[in-house]
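The structure appears below as C-alpha cells.
Quick caveat, the model's predicted, so the values are computed rather than measured. Order of the sequence lines fixes the chain letters, A, B, ..., with proteins taken first and strands second; residue numbering starts at 1 for each chain.
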Amino acid sequence: MGVALEVHNVTKIYGSGESAVVAVNNVSFSVAEGEFVALVGPSGSGKTTLLAMLAGLLYPTSGSIYIGGHDLGKMDDAQRTAFRRQRIGFTFQANNLMPYLTARENVELMMRLNGGCKSECSRMAVELLIRLGLGQRLNNLPRQLSGGEQQRVAIARALIHNPAVVLADEPTASLDTERAYQVVEIFADMIHGHRRAGIMVTHDLRMCIYVDRVIQMQDGRIARILSNRDEIDAFASAKRQRGEEAVTLAEATSVPRMTSDGRFPQ
Amino acid sequence: MGAYLAFKETWRNRGRFLLVSLLVALLTALVLFIAGLTEGLGRGNIEYLSNLDADLIAYQADAQLLIAASRLARGTLQDIERVPGVKIAGPIEFSRVSIILPGTTPQGQPRKPLDVSLIQVEPGRPGEPPVRFGRQLQNRRGKEAIIDSLVARRAGLTVGDEFTIRSLQGTREEFYTLRVVGITTSQQYSIQPSIIVPLLTGDQIKPKPAVEDRPSGDISANIIAIKLDMPADPNEARAFRELMKRRLESQVKKIQVVDIRTAYENTPGYSAQQGTLDTQRYFALVIGVLVLGGFFQIQALQKVAQIGVLKAIGTPNRTIVAASLVQITSVTALGVFIGGVVTLGLAVALPVGVPIAFSPQTTLIALASLLLIGPLGGLLSIRYSVGVEPLTALGLSQ
C-alpha cells in the first residue's frame, strides 16, 4: 500500500506572545491508500485544526504535510484551492449540501468544479448514489432528505472525483445512533473499496469499529495510536455495551457521569 | 459554473427572487414615469422653442432672457436683418387665450374652454412651424391659424374648420373666429398646446390690459428668431454662430442674442422643474440600490455556511463572484423588463394631455441606470461573499 498522506512534525499556534495557544503540537503520522483513520479526542484537543491543515485550509506554524507526494506548504492560496478541488474529498458536520441542488446535482458539483459534467459524469453520480442506497432520491433537494441521506450524498460528493484523501468532520454529529453506524459503515466501505485514504474526526468512539486506526489526541498532541483490530474493537465496544447514546472520549476519560438518581458522584 | 449555480439557486427559490424582481419592476415603473414626466413637462414648456427653425434668438437686452419681459420693436427686426450674415429673421409674440369648444359634456354642461398658447409670427419667416397637414400661413392679416396636433385632438378640429377664441380685452371678453389652415406637431409652449397666427391678426386677438403699455400702432414682439447664412461644416457653423451673437449685439442696440438651447433653458420654471424631477429620479435609483443591496446582503449573510462549504471543497472566488453577479443581474433584468412592459402599457392607456412623454434616449438611459442598480447594490454582498473563510465550513475562523 502506498502512502497517501504524510504529516511531519506539524505544529499550529494561534496568536502570539502571552496569548499564544498551541492547538496542534508537533504531530506526525501517515495514512496509507485504502486506510480509514479516526481522529478522536475531547473538544479543544486540536483535531479539527489538524483536519483544516490537512485540507489546506490553514497553514501550519511549522512542519509539513504531503498529500500524494505534494507539499501543501509550497502552494499558494489559489493552488491550494485547486488542490482541494482535485485531490481532496470533504464531508462536514452540517450544511454539507447546497440546498438548491438535488442529490444528483450536489454529487455532480465536484465534477463541474473540475471542468464540467457531461453524460459520463452524470452516470457516475447516479451509480454512486444508487450504491449508497439513494436510487430513489436522486432528484430530491436536501430538505427532502433525512440527515443520514444527506450525509450519504455528501460522501458520494467527496468520492466522485477520485480524490487522494477523503476528510470527514464529525459526519455523524447530527445523526441518530442507527443512522450514524450506517453512514460510517458506508463511508468505510467506500474508502476501502475505492482505495482512498480516509480521515474522520469524531467524538463518537463507537464509530471506531469501522476504522483501521484510531489516533487519539489530547492537548494538541497525539496521546496514543490504536492500530490493532482487537484494541480498536475493545475501545469502541466497551462504550457500546454501556448502552449510552453517544460515548465521548471526554466522558470516558475525565468527565464524571451522572448516576441513575440524577447526581454526580463525589 | 457561476452561471450554473446562479441559475439553480434562483430557479429553486423562484418565489423569493420573483418578489425581488417585482420590487425592481415597481422601481422601474416609478423611475420611467418620473423620466416620462420630466420629458413630458419639459416638452410642454419648451417644445416650440426647441423645434424653432432658427439659429439664434434675440431678446430685449435688459429682459434677463425672460420672454414675457422682452419687448422688441419693429425697427429692431429691420436692424437685425441688415447685419451681414443674417439670412432672415422673424418676430414672435406669445400670449394665452382660450378656445371655445362647441357642444356639451355627457352631463349636458357646456364644455370647458381649452387654454392654448397664442403664438404670433410673420408668415414665411422663422417662427412659423412647418405644417403636417394643410398649408402654411399666407395672409399677414388673415383670420387663419395653424394649430398644434394636440389642439386638433382636444378640440376636435381639422383643416378647414372654424373655431372661436375668447380673449380678455381690458375688462371685456371678446370673441374671434379663425379658420384652421394647417396642423403642425410638437409645438407646445408654457405647458399649453399652441395655435400660430399671423402677427397682425394676433395683435388684435391677444389679451390686452385695461391700459395699453405701449404706443398704439407700434407692433412689437417678445423675441426675434434669426436664421443665419450658416457654413455647412459643423465646426465652422458653431464658430460662426458665436461670431454672429457678438456681431448682432454690437451692431443692434439693446438686444441680447443667445442660441436656442440657452433660450429654452431660461424659460421660466424649466430648469427648476427639470432639476426637481431629475432629483426625484435619482432618489428612486438610490433607493433601488439600497433596497437591492440590503436584500442581497441579507442573503449573503444567510449563506455564509454554504459559501464556506463551497470554498472548502475548492470553489474559486471567481466562481462565487460570477454566481452572485449573474444572479443579481438576471433578477434585476427581469424586474426592469416587467417594469418596462407595465409602464409602456400604462403609458399607452394614459389620456391625451397627461404630460408624460418617452423619448428613446431618456428611456434607454433610465433603463440602463436601472440595470446597474442591482450589481451596484450587490457589490457589498459580493465583497462579503468573497471574504467568507472556507474554515467556516469546519466551524473555525482565522
At what distance, to the nearest 0.5 angstrom, does OG1 of Thr102(A) lie from NZ of Lys8(B)? 6.5 Å

Proximal component of Lys311(B), with respect to chain A [non-hydrogen, under 4.5 Å]: backbone

Just wondering, do Glu105(A) and Arg12(B) contact through their side chains at under 4.5 Å, heavy atoms? yes

Toward chain B, the part of Ile88(A) with a non-hydrogen atom under 4.5 Å: neither

Neighbour count >12 (heavy atoms, 6.0 Å) for atom CZ, Arg383(B): no

Counting only heavy atoms not in Arg261(B), do more than 12 fall under 6.0 Å of its CZ? no

To check you understand the geometry: which heavy-atom pair defines the closest contact between Met110(A) and Ile313(B), and what is its length? CE-O, 3.5 Å

For Arg80(A), which atoms come within 4.5 Å of any heavy atom of chain B: side chain, backbone, both, or neither? neither

Max heavy-atom pairs within cutoff under 4.5 Å with chain B, candidates Thr81(A), Asp77(A), Leu141(A), goes to Thr81(A)

Quick check: closest heavy atoms across Ala312(B) and Phe90(A), and the distance to 0.1 Å? O-CD1, 3.7 Å

Can you name the nearest heavy-atom pair linking Leu109(A) to Met1(B), along with the distance? CD1-CE, 3.1 Å

Within a 6.0 Å radius of atom CZ on Arg221(A), are there more than 12 heavy atoms belonging to other residues, nucleotides or ligands? no

Does any heavy atom of chain B fall under 4.5 Å from the side chain of Leu167(A), the backbone, both, or neither of them? neither

So with a 6.0 Å cut-off around CZ of Phe29(A), is the heavy-atom count from everything else above 12? yes

Identify the heavy atoms of Pro99(A) and Gln306(B) that sit nearest to each other, and give their distance. CG-NE2, 3.1 Å

Heavy-atom closest pair (Tyr100(A) atom, Asn13(B) atom, distance to 0.1 Å) is CB-ND2, 4.2 Å

Would the number of heavy atoms belonging to other residues, nucleotides or ligands and lying under 6.0 Å from CG of Asp278(B) be above 12? yes

Measuring from atom OG1 of Thr315(B) to atom CE of Met98(A), what distance do you get when rounded to the nearest 0.5 angstrom? 7.5 Å

Is it the case that over 12 heavy atoms from other parts of the model lie below 6.0 angstrom from the CD atom of Glu127(A)? yes

Can you name the closest pair of heavy atoms from Pro390(B) and Leu57(A) and give their distance? CB-CD2, 3.6 Å

